[in-house]
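Got a structure here, written out as structure tokens. Questions coming.
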Amino acid sequence: MNYIIIVAGGKGLRMGSETPKQFLPIGGKPILMRTIERFKAYDKEMKVIVVLPESQQSYWKELCGEYDFNIEHQIANGGNTRFESSRNGLAMIPEGEDGLVGIHDGVRPFVSLQTIARCYDEALKTCAAIPVMSITETLRMIEKNGNSKNVLRSDYRSVQTPQVFNIMMLKMAYAQEFQDSFTDDASVMEQFGCKVSMVEGNCENIKITTPTDMKFAATLLNE
């Protein structure tokens, strides 16, 4: 069985909006709804878990009614950190369930079906897979003394979501205590001792966090 946990706990501060960014409309539909639809388009049997702060859940239900959004999904309570939110989402999956679970940012509605497929296919073979993109801009590393130096961009990749894992392995990894080094779900798995495989992402798979991102998103929809 395939699961997807969609973490949507943003407050929209960088967007400059009172409405949380995951609820902002693009092309006449809230971003979060478009994100959910991508995964159901990949696998119509996929189980969907949406992680939302308790304070936002009633508004989400109102939006689902307003937009006649009837894709079945469960709601988990958001935590104070991404780590807590992911763990709360995982807790919704029954113990002993076999299969794969992806964890995805609620404000990445343009993940391609090909990227989703690559992540789930690779995780089926290796237990853990993340989508990445090559770096195209020059990178500099800031040293502790304030100086900086060039680093080889070929040594680095930018990381996207969904990050996909074996369910039982991820549940065991999330039994660990939180550490500051846990910047994403893959880092939790690596600390547990699991090697994480990389697959190709897609450049349209942006995380919508600023007004500029919204303009780019509208362009992507028009295309």
Side-chain angles (χ1 to χ4, degrees), residues 1-10 22 32-33 35-58 60-61 64 69-108 111 113 115-131 159-199:
M1 176 65 69
N2 287 335
Y3 284 79
I4 184 66
I5 296 171
I6 298 177
V7 182
Q22 60 269 20
L32 181 54
M33 292 181 186
T35 302
I36 294 171
E37 288 173 344
R38 296 306 290 163
F39 288 90
K40 294 299 281 190
Y42 164 69
D43 178 2
K44 65 180 180 180
E45 302 299 326
M46 180 172 284
K47 300 291 186 180
V48 179
I49 299 168
V50 176
V51 183
L52 285 170
E54 288 186 73
S55 61
Q56 297 177 9
Q57 291 175 16
S58 61
W60 169 244
K61 291 177 181 177
C64 288
F69 186 76
N70 53 20
I71 292 178
E72 185 178 351
H73 61 279
Q74 294 176 278
I75 300 291
N77 293 332
N80 293 323
T81 63
R82 173 61 177 261
F83 178 85
E84 287 183 20
S85 292
S86 293
R87 187 159 60 185
N88 290 350
L90 272 173
M92 304 291 286
I93 301 177
E95 290 300 322
E97 182 75 274
D98 192 21
L100 299 173
V101 56
I103 302 184
H104 188 66
D105 298 319
V107 288
R108 289 187 189 265
V111 60
L113 300 186
T115 294
I116 297 172
R118 284 191 289 267
C119 292
Y120 278 86
D121 289 347
E122 183 66 22
L124 187 61
K125 295 184 289 185
T126 65
C127 286
I130 60 174
V159 179
Q160 302 178 339
T161 64
Q163 300 185 358
V164 182
F165 311 96
N166 173 276
I167 292 173
M168 288 186 285
M169 289 286 288
L170 190 62
K171 277 180 172 279
M172 288 189 287
Y174 265 94
Q176 301 174 98
E177 292 296 322
F178 174 76
Q179 300 181 31
D180 289 337
S181 59
F182 292 164
T183 56
D184 64 358
D185 305 285
S187 59
V188 179
M189 281 289 275
E190 286 180 323
Q191 180 63 31
F192 183 64
C194 180
K195 181 180 178 181
V196 176
S197 300
M198 296 187 296
V199 300

Notebook entry, point to check: How long is the gap from CG on D121 to OG on S197, to the nearest 0.5 Å?
Noted result: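 Between atom CG of D121 and atom OG of S197 there are 12.5 Å.
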
Notebook entry, point to check: Would you find a donor on one side and an acceptor on the other, under 3.5 Å apart, between the side chain of T126 and the backbone of A128?
Noted result: yes

Notebook entry, point to check: Is the count of non-hydrogen atoms from other residues, nucleotides or ligands lying under 6.0 Å from M92 atom CE greater than 12?
Noted result: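 Yes, because the 6.0 Å sphere around CE of M92 holds more than 12 heavy atoms from other groups.
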
Next item on the list: Considering non-hydrogen atoms only, spot the tightest contact between K47 and M1 and give its length.
Entry: CG-SD, 3.8 Å

Next item on the list: Evaluate the side-chain contact (heavy atoms from CB on, under 4.5 Å) criterion for residues F192 and L170: first the C-alpha distance (whole Å), next the side-chain angles of each, then the deciding distance (0.1 Å), finally the verdict.
Entry: CA-CA 9 Å; F192 183 64; L170 190 62; over 6 Å; no

Margin query: Less than 3.5 Å apart, any donor N or O on the side chain of R118 or T115 sitting next to an acceptor on the other?
Written below: yes

Margin query: Between the side chains of E95 and K171, is the shortest nitrogen-to-carboxylate-oxygen separation below 4.0 Å, so that they form an ion pair?
Written below: yes

Notebook entry, point to check: Given side chains that start at C-beta, do those of V111 and Q160 come closer than 4.5 Å, heavy atoms only?
Noted result: no

Next item on the list: Go through the steps to decide whether Y42 and I4 satisfy the test side-chain contact (heavy atoms from CB on, under 4.5 Å), and finish with yes or no.
Entry: CA-CA 11 Å; Y42 164 69; I4 184 66; over 6 Å; no

Checklist line | Side-chain heavy-atom pair L113, R38 within 4.5 angstrom cut-off | finding: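 Of all side-chain heavy-atom pairs linking R38 with L113, at least one is under 4.5 Å.
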
Item checked: V159 vs M198, side-chain contact (heavy atoms from CB on, under 4.5 Å): CA-CA, chis, key distance, verdict -> CA-CA 9 Å; V159 179; M198 296 187 296; over 6 Å; no

Next item on the list: Take R108 and T35 through the side-chain contact (heavy atoms from CB on, under 4.5 Å) test and state the conclusion after the steps.
Entry: CA-CA 6 Å; R108 289 187 189 265; T35 302; 5.6 Å; no

Notebook entry, point to check: Where the side chain of Q191 meets the backbone of F182, is there a donor-acceptor pair that is under 3.5 Å apart?
Noted result: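 No; judged by distance alone, with no hydrogens or angles, the pair does not exist.
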
Checklist line | CD1-CD1 distance between I49 and I36, expressed to the nearest 0.5 angstrom | finding: 11.5 Å

Notebook entry, point to check: Just by modelled atom types, is the G106 backbone N or O under 3.5 Å from a matching donor or acceptor in the Q22 side chain?
Noted result: no

Margin query: Run the salt bridge (charged side-chain N to carboxylate O under 4.0 Å, His left out) test on E122 and K125 for me, step by step, so that the C-alpha distance in whole Å, both residues' side-chain angles and the decisive distance to 0.1 Å come before the verdict.
Written below: CA-CA 5 Å; E122 183 66 22; K125 295 184 289 185; 3.6 Å; yes

Item checked: Heavy-atom side-chain contact between D43 and Y120 under 4.5 Å ->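 They are not in contact (no side-chain heavy atoms under 4.5 Å apart), so the answer is no.
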
Check: Would you call S86 and I5 a side-chain contact if the rule is heavy atoms closer than 4.5 Å?
Finding: no

Checklist line | Nearest heavy atoms of Q57 and A76, plus distance in Å | finding: NE2-O, 3.8 Å

Check: Can R87 and E84 be counted as an ion pair, charged N to O under 4.0 angstrom?
Finding: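 No, this pair does not count.
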
Checklist line | Any donor-acceptor N/O pair, D105 side chain to V107 backbone, under 3.5 Å | finding: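 Here the side-chain-to-backbone pair does not exist.
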
Notebook entry, point to check: How far apart are the closest heavy atoms of M168 and N166, and which atoms are they?
Noted result: N-OD1, 3.1 Å

Notebook entry, point to check: Do the rings of F69 and H73 sit parallel, tilted or perpendicular, given the 30° and 60° boundaries?
Noted result: tilted

Check: Considering only heavy atoms from C-beta outward, does the side chain of D185 approach that of R82 to under 4.5 Å?
Finding: yes

Check: Which pair of non-hydrogen atoms, one from M33 and one from W60, has the smallest distance, and what is that distance?
Finding: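 Result for this residue pair: CG-CH2, 3.5 Å.
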
Next item on the list: Determine the minimum heavy-atom distance between C119 and P162, stating which atoms define it.
Entry: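 Distance-wise, the nearest heavy atoms are SG-O, 3.4 Å.
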
Next item on the list: For residues F165 and A186, report the shortest heavy-atom separation together with the two atoms involved.
Entry: CZ-N, 3.8 Å

Next item on the list: Would you please classify the geometry between the H104 ring and the F39 ring as parallel, tilted or perpendicular, with 30° and 60° separating the classes?
Entry: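 Taking H104 first and then F39, their aromatic rings stand perpendicular (interplane angle over 60°).
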
Next item on the list: List the steps and the verdict of side-chain hydrogen bond (donor to acceptor under 3.5 Å, both in side chains) for S85 and N88.
Entry: CA-CA 5 Å; S85 292; N88 290 350; 5.7 Å; no

